[in-house]
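Each remark here refers to the structure printed beneath this line.
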Amino acid sequence: MPASGSPGCPIETGIELLRRRWTAHLLLALLHGPRSYQELSADIPGISDKVLAERLALLTASGIVDRDRRADFPPRVRYSLSGRATGLVRVLESLRSWDDTDHDGG
């Protein structure tokens, strides 16, 4: 395993993904199950269509999000968390828990 801070380091890779604005919101929205593009847009107020499309493309290319295209008419696309997303989502949930604890004065 590469050392922390070196190219290919899983810690750096995860931080790089999460540091991008809206990525954490998108992953947390997908915790509720598969969503269409329109549902994700409604679940994340303030995200532009351009940024939503970019983040979905990035997360899909990274293997964090699965894209399921149905051959219906009109075609339907659903996005869901992949098995690879499990560890990253645990990190997000830990950060959320840490933030809640930190605000309690602890």
Side-chain angles (χ1 to χ4, degrees):
M1 176 161 97
S4 179
S6 68
C9 169
I11 294 170
E12 292 293 328
T13 301
I15 289 172
E16 178 63 26
L17 279 173
L18 291 178
R19 77 166 187 82
R20 295 172 183 260
R21 188 167 187 206
W22 302 110
T23 300
H25 296 278
L26 183 54
L27 293 174
L28 292 171
L30 288 170
L31 277 176
H32 302 289
R35 295 278 191 268
S36 68
Y37 184 94
Q38 291 78 17
E39 290 169 323
L40 288 168
S41 183
D43 287 347
I44 309 169
I47 192 170
S48 70
D49 284 340
K50 177 185 176 199
V51 172
L52 179 56
E54 288 173 356
R55 292 302 173 271
L56 286 170
L58 172 69
L59 292 169
T60 300
S62 300
I64 303 298
V65 169
D66 289 330
R67 183 179 186 272
D68 180 32
R69 185 174 189 275
R70 303 285 174 150
D72 301 338
F73 186 82
R76 293 181 9 199
V77 176
R78 306 282 285 176
Y79 296 92
S80 60
L81 294 174
S82 71
R84 186 168 185 236
T86 305
L88 198 53
V89 168
R90 278 197 302 256
V91 169
L92 283 175
E93 290 171 335
S94 293
L95 284 171
R96 185 169 41 185
S97 174
W98 165 79
D99 187 53
D100 291 344
T101 302
D102 190 50
H103 285 118
D104 292 340

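Owing to the predicted nature of the structure, the values given are computational and were not obtained by experimental measurement. Computation of the quantities below employed the complete heavy-atom set of this structure, encompassing side-chain atoms and omitting hydrogens, waters and symmetry-equivalent molecules.
- Here the closest heavy-atom approach between residue Gly63 and residue Ser82 is recorded as O-OG, 2.5 Å.
- Between Arg96 and Leu28, some side-chain heavy-atom pair lies under the 4.5 Å cut-off.
- Atom CG of Leu56 is separated from atom CZ of Arg35 by 13.0 Å, given to the nearest 0.5 angstrom.
- Between Asp68 and Pro34, the closest side-chain pair of non-hydrogen atoms is not below 4.5 Å.
- Evaluation of the side chain to side chain donor-acceptor pair (under 3.5 Å) rule for Arg78 yields Glu39 as partners, not counting sequence neighbours.
- For Arg67, the side-chain contact (heavy atoms from CB on, under 4.5 Å) partners are Thr60, Arg69, Val77, Tyr79, not counting sequence neighbours.
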TODO: Just do the side-chain contact (heavy atoms from CB on, under 4.5 Å) check on His32 and Asp43 with the steps written out, would you?
DONE: CA-CA 10 Å; His32 302 289; Asp43 287 347; 5.6 Å; no
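- With hydrogens and angles disregarded, no donor-acceptor distance shorter than 3.5 Å links the side chain of Ser41 to the backbone of Tyr37.
- The shortest side-chain heavy-atom distance between Leu30 and Val89 does not fall under the 4.5 Å cut-off.
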Which pairs of donor and acceptor atoms, one on a side chain in residues 45-55, lie under 3.5 Å apart (sequence neighbours left out)?
unit_1: Ser48; atom_1: OG; unit_2: Val51; atom_2: N; d: 3.1
unit_1: Arg55; atom_1: NE; unit_2: Arg21; atom_2: O; d: 3.0

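- Summarising the geometry of Leu92 relative to Ala24, their closest heavy-atom pair is CD2-CB, 3.7 Å, with the distance given to 0.1 Å.
- Of the candidates Asp66, Leu81, Ile64, Leu59 forms a side chain to side chain contact (heavy atoms under 4.5 Å, CB included) with just one, namely Ile64.
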